[in-house]
**Student:** 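Sharing a structure here in structure tokens format.
Just so we're on the same page: letters track the sequence lines, and every chain starts at 1.
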Number of protein chains: 2
Amino acid sequence: MTHQAEVSGEDILRQRLRDAQFRVTPGRLRVFRALQSHAAPVTIQTLADELTEDGLNLTTVYRVMEAFVALSVAHPTLIGHQTVGYELVEPFRPHHDHLVCSVCGQVVDIYECGLNAALAAMSRGGGYQVEFHQVELHGVCAECSSDGNHGV
Amino acid sequence: MTHQAEVSGEDILRQRLRDAQFRVTPGRLRVFRALQSHAAPVTIQTLADELTEDGLNLTTVYRVMEAFVALSVAHPTLIGHQTVGYELVEPFRPHHDHLVCSVCGQVVDIYECGLNAALAAMSRGGGYQVEFHQVELHGVCAECSSDGNHGV
DNA sequence: TTATTTGCAAAGCGTTTGCATTGGG
DNA sequence: CCCAATGCAAACGCTTTGCAAATAA
């Protein structure tokens, strides 16, 4: 009778940190949890606002995020026109793409994505080994196209 | 016998500027031409390096780009992890997507994209009117996967 | 114990803003 | 002519860096 152990995202993170000779520190765990608690991509600034209240340093948030990107725990995304946000990637959260409203800026996640075959075809020929994809559909959301809304 | 006039990108730009009550100025034309001369997305910094030699002010480049984004002449894209670059959009240049090498950072444009049907399906249900899409495939290019290259 | 990580403060630098001048319509 | 656009310089704010103290392993 085998007992299938639960493997949490945090366990995977710990493992991945150790494998790369990075230490498992409270700061890294806190940033990770903060990322988990957000559905949409978040800026460093937003994370810091939440975490510095608990005594975590802003510089540390930057450094932790740098490590997370290097270890493919999180990746950057463009929010709006100039802002870079971060979000967890697989296996820390399911893969998804974005529907971005160009009027109000709202970002909706799309989890159902039947693009894998088509995307694989697109990458053929160049000899690329595709690791992940990111699709952004820009348009106007239902709400903004109904009311005469002109901005956030 | 009708004479089909050629309509250049610059003509369309002029028209679009006038329609929005923006003036057609040398600065705007120069930034536009600079964008046209680049195949890949370029940073403001790069544009400025090219244009300030000709006496164009850095601040002006920022302001022109702001106008271009507002008028949907150009749009921002994430280059690498932290950098925002800009490129012209349709009809100023044909729509395309990106193949990004995560090792060397090289960006290859993909012009053949059979995703329109699939993307339309993805956006259904939310009531979004999709204006354009942006697909990024991240992976390792042929060169980087053959030699043991570890970064730019 | 030892190398990594963190906190703090200062430096760095890309971006924005104010205002006088220039110039497009 | 008038209002928008530009240039210039200063202000701003995000990000990075250096170094000493704290701490994971």
**Student:** Which two nucleotides bound the region of DNA chain D that has atoms under 4.0 Å from heavy atoms of chain A, read 5' to 3'?
**Tutor:**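 So the outermost contacting nucleotides come out as D:dC14 to D:dA25.
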
**Student:** I need the residues from residues 10-31 of chain B with at least one non-hydrogen atom less than 4.0 Å from DNA chain C; give them sorted by number, or say none.
**Tutor:**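 Listed by number, they are B:Arg23, B:Val24.
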
**Student:** For the pair made of OH in A:Tyr62 and P in C:dA11, what is the distance, rounded to whole Å?
**Tutor:**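 Distance, rounded to whole Å: 19 Å.
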
**Student:** With the side chain counted from C-beta on, respond yes when A:Thr43 and A:Val84 share a heavy-atom pair under 4.5 Å apart, and no when they do not.
**Tutor:**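 Side-chain contact under 4.5 Å: no.
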
**Student:** Do B:Phe68 and B:Leu56 belong to the same hydrophobic cluster, where Ile, Leu, Val, Met, Phe, Trp and Tyr are linked whenever their side-chain heavy atoms lie under 4.5 Å apart, directly or via other members?
**Tutor:**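 They do share one cluster, since a chain of ILVMFWY contacts under 4.5 Å joins B:Phe68 to B:Leu56.
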
**Student:** Checking side-chain polar atoms at under 3.5 Å, does B:Asp11 have a donor or acceptor matched by the opposite partner on B:Ser8?
**Tutor:**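 Looking only at side-chain atoms, B:Ser8 and B:Asp11 do form a donor-acceptor pair, the distance falling under 3.5 Å.
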
**Student:** Using distance alone, with no hydrogens and no angle criterion, decide if A:Arg33 and A:Gln36 have a side-chain donor and acceptor under 3.5 Å apart.
**Tutor:**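 No, no side-chain donor-acceptor contact under 3.5 Å.
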
**Student:** Classify the ring geometry between B:His96 and B:Tyr111 as parallel (under 30°), tilted (30 to 60°) or perpendicular (over 60°).
**Tutor:**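 Judged by the thresholds at 30° and 60°, the geometry between B:His96 and B:Tyr111 is tilted.
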
**Student:** Of the non-hydrogen atoms in A:Phe22 and A:Ala67, which two are nearest, and what is the gap between them?
**Tutor:**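 Between these two residues, the closest heavy atoms are CE2-CB, 3.7 Å.
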
**Student:** Between B:Arg18 and B:Val24, is there a donor-acceptor pair closer than 3.5 Å when you use the side chain of the first and the backbone of the second?
**Tutor:**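 Pair absent, no side-chain N/O of B:Arg18 close to backbone of B:Val24.
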
**Student:** Can you give me the bend angle of the helix from C:dT1-D:dA25 to C:dG25-D:dC1? Use the axis through the first five pairs and the one through the last five, nearest 10 degrees.
**Tutor:**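 Roughly 50° between the end axes, to the nearest 10°.
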
**Student:** Quick one: on DNA chain C, does A:Thr59 or A:Val64 contact a more 5' nucleotide (nearest heavy atom)?
**Tutor:**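 So the residue in question is A:Val64.
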
**Student:** For A:Ala48, is there any backbone N or O sitting under 3.5 Å from a side-chain donor or acceptor partner on A:Thr52?
**Tutor:**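 Looks like yes, one N/O pair under 3.5 Å.
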
**Student:** Going by salt bridge (Lys or Arg N to Asp or Glu O under 4.0 Å), name the pairs with one or both residues in residues 62-91 of chain B, residues two or more places apart or in two chains.
**Tutor:**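 Applying salt bridge (Lys or Arg N to Asp or Glu O under 4.0 Å) to every pair that reaches into residues 62-91 of chain B, excluding sequence neighbours, yields B:Glu87-B:Arg93.
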
**Student:** Could you list by number each residue of residues 65-76 of chain A showing a heavy-atom separation from DNA chain C of less than 4.0 Å, or answer none if no residue does?
**Tutor:**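 Hits under 4.0 Å, by residue number: none.
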
**Student:** May I have the distance from B:Leu58 (atom CG) to C:dT17 (atom C1'), rounded to whole angstrom?
**Tutor:**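 Between C1' of C:dT17 and CG of B:Leu58: 13 Å.
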
**Student:** Hydrogens and angles aside, do A:Gln134 and B:His98 bring a side-chain donor and acceptor to less than 3.5 Å of each other?
**Tutor:**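 Side-chain D/A pair, A:Gln134 to B:His98: absent.
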
**Student:** May I ask you to list the residues of residues 32-55 of chain A, by number, that have any heavy atom positioned under 4.0 Å from an atom of DNA chain D?
**Tutor:**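 Only A:Gln45 qualify.
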
**Student:** Return yes if some donor-acceptor pair links the side-chain N/O of A:Arg16 with the main-chain N/O of A:Ser72 below 3.5 Å, else return no.
**Tutor:**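 At least one qualifying donor-acceptor pair exists.
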
**Student:** How close do A:Glu53 and A:Asp49 get, heavy atom to heavy atom, and via which atoms?
**Tutor:**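 For A:Glu53 versus A:Asp49, the nearest heavy atoms are CG-O, 3.5 Å.
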
**Student:** Specify the closest pair of heavy atoms between B:Ala34 and B:Leu47, including all atoms of both residues, with the distance to one decimal.
**Tutor:**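 Scanning both residues, the minimum pair turns out to be CB-CD2, 3.6 Å.
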
**Student:** So do B:Leu29 and B:Glu10 actually touch side chain to side chain, heavy atoms under 4.5 Å?
**Tutor:**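 When only atoms from C-beta onward are counted, B:Leu29 and B:Glu10 do touch, with a gap below 4.5 Å.
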
**Student:** Looking only at atom types and distance, does a side-chain atom of A:Arg30 sit under 3.5 Å from a main-chain N or O of A:Asp54, one as donor and one as acceptor?
**Tutor:**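 Yes, the answer is positive, given that a donor and an acceptor are paired below the 3.5 Å cut-off.
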
